[in-house]
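Quantities reported herein were computed from a predicted structural model and do not represent experimental measurements. What's counted below: heavy atoms across the whole structure, side chains too, no hydrogens, waters or symmetry copies.
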Amino acid sequence: MRNIYIGMATAAVALAGLVSCDDIKEQDRFIPVEREHSAKVVLLEEFTGARCVNCPNGAAEVHKILESDEFKDNVVAVSLYPSQLTSLTAPTTVDLRTDAASEYFSAYDGTTKGLPGAMFDRTPYNGSVIQLDVASWGTFVNQAIKDVPPLDITLSGDYDAASRKLDVTYKISFVDLVAEEVCMQLWLIENGIVSFQYSTTGLIPDYENNHVLRAAINGTWGESLGVGHTPNQIAEGSSSITLKSDWKAENVQVVGFVYRASDRRVLQAHLLKSIID
């Protein structure tokens with residue numbers, strides 16, 4: 001469910017039209033009021049698998065990026081466990097694979113590339129969206145973070161522990177004109193999931209999986225917000241999900257991001273760090 005409306009700036013413009021230009025000094029006319037852009041938040045999507053011996057190296061690099069002073073406030077990471085490439089992704093003790101992750105993996109031709117791989121705002125670099133060179137992931141974040149986001153995102157959650165139902169509400173404030181169709185995506189992720197994981201040094205029995213995609217709250221590809229969004233326009237909406245019994249609410253977070261429908265490139269992302277007040 002979503003609503004789109006124009007903020008108070010529209011009313012202010014209408015009121016200004018009632019004032020005669022003769023009453024305003026020439027040097028004071030047509031002064032633009034600009035909103036400050038928020039800092040860019042990059043969506044880092046990491047494809048991984050329980051039997052992929054090199055994937056812990058990818059996870060370590062993501063952790064390094066998230067903990068760095070340079071990037072820690074400007075990156076949202078999500079670990080995606082697809083079902084393809086079963087020799088690398090078949091579950092060990094806990095099955096973290098999702099249909100959504102598998103669909104995203106196929107959409108970007110991941111089966112021809114392998115694991116681990118990562119995407120940065122779904123932007124192609126060197127002709128590919130999925131990047132396999134783990135050592136270069138920080139470089140791609142550094143490039144993506146320079147983009148100026150044309151909108152702001154805020155998220156809020158209302159979690160009922162008895163029913164385990166989570167209601168998520170989002171608000172998108174457009175700063176610049178966004179003429180093309182954009183979509184809003186909501187994901188539920190979980191931290192602190194312990195399972196077996198293969199690595200280059202052998203089997204790790206107590207491996208901790210973090211920011212794991214558990215579900216696409218408002219559908220695999222989210223919902224369209226339409227076209228022709230103008231500065232100061234607001235889009236609001238909400239969606240709900242019931243947490244499964246083995247998902248720990250205290251470890252659950254919500255990721256929200258807006259992307260262009262034409263090429264799925266992410267314009268801005270946001271992380272709701274906790275669903276519990």
Chemist: Do Val255 and Val266 share a hydrophobic cluster, counting only Ile, Leu, Val, Met, Phe, Trp and Tyr and linking them when any side-chain heavy atoms are less than 4.5 Å apart?
Modeler: yes

Chemist: Supply the atom-to-atom distance Ile145 CD1 to Phe120 CZ, rounded to the nearest 0.5 angstrom.
Modeler: 12.0 Å

Chemist: Could you go through the side chain to side chain contact (heavy atoms under 4.5 Å, CB included) check for Lys40 and Lys146 one step at a time?
Modeler: CA-CA 7 Å; Lys40 181 71 175 76; Lys146 295 176 183 177; over 6 Å; no

Chemist: When you check the side-chain N and O atoms of Ser238 and Asp167, is any donor under 3.5 Å from an acceptor?
Modeler: no

Chemist: Using a 6.0 Å cut-off, check whether atom CG of Asp109 has over 12 heavy atoms from anything other than its own residue.
Modeler: yes

Chemist: About how many Å separate CG of Leu213 and CG of Leu80, when rounded to the nearest 0.5 Å?
Modeler: 5.5 Å

Chemist: Salt bridge (Lys or Arg N to Asp or Glu O under 4.0 Å) with Arg164: which residues, sequence neighbours excluded?
Modeler: none

Chemist: Determine, using ring centers only, whether Tyr159 and Trp247 are less than 6.0 Å apart.
Modeler: no

Chemist: Assigning hydrophobic clusters by single linkage (Ile, Leu, Val, Met, Phe, Trp, Tyr; side-chain heavy-atom cutoff under 4.5 Å), is Phe47 placed with Leu85?
Modeler: yes

Chemist: Does Phe140 belong to the same Ile/Leu/Val/Met/Phe/Trp/Tyr cluster as Val62, with side-chain heavy atoms less than 4.5 Å apart forming each link?
Modeler: yes

Chemist: Would you compute the distance between atom CD of Gln197 and atom OG1 of Thr93 and round it to the nearest 0.5 angstrom?
Modeler: 9.5 Å

Chemist: Say whether Ser102 and Ser83, considering side chains only, have a donor N or O and an acceptor N or O under 3.5 Å apart.
Modeler: yes

Chemist: Checking Arg264 against Tyr104: charged group under 6.0 Å from the ring centre and within 45 degrees of the axis?
Modeler: no

Chemist: Rounded to the nearest 0.5 Å, how far does OH of Tyr81 lie from CD1 of Ile193?
Modeler: 7.5 Å

Chemist: For the side chain of Glu180 and the backbone of Ser262, is there at least one donor-acceptor N/O pair under 3.5 Å apart?
Modeler: no

Chemist: Indicate, with yes or no, if Val178 and Val41 share a hydrophobic cluster defined by side-chain heavy-atom contacts under 4.5 Å among Ile, Leu, Val, Met, Phe, Trp and Tyr.
Modeler: no

Chemist: Hey, what do you get for CG (Asp176) to OG1 (Thr230), rounding to the nearest 0.5 Å?
Modeler: 11.0 Å

Chemist: For a 4.5 angstrom cut-off between non-hydrogen side-chain atoms, does Arg214 reach Thr98?
Modeler: no

Chemist: To the nearest 0.5 Å, what is the distance between CD1 on Ile217 and CD1 on Ile241?
Modeler: 5.5 Å

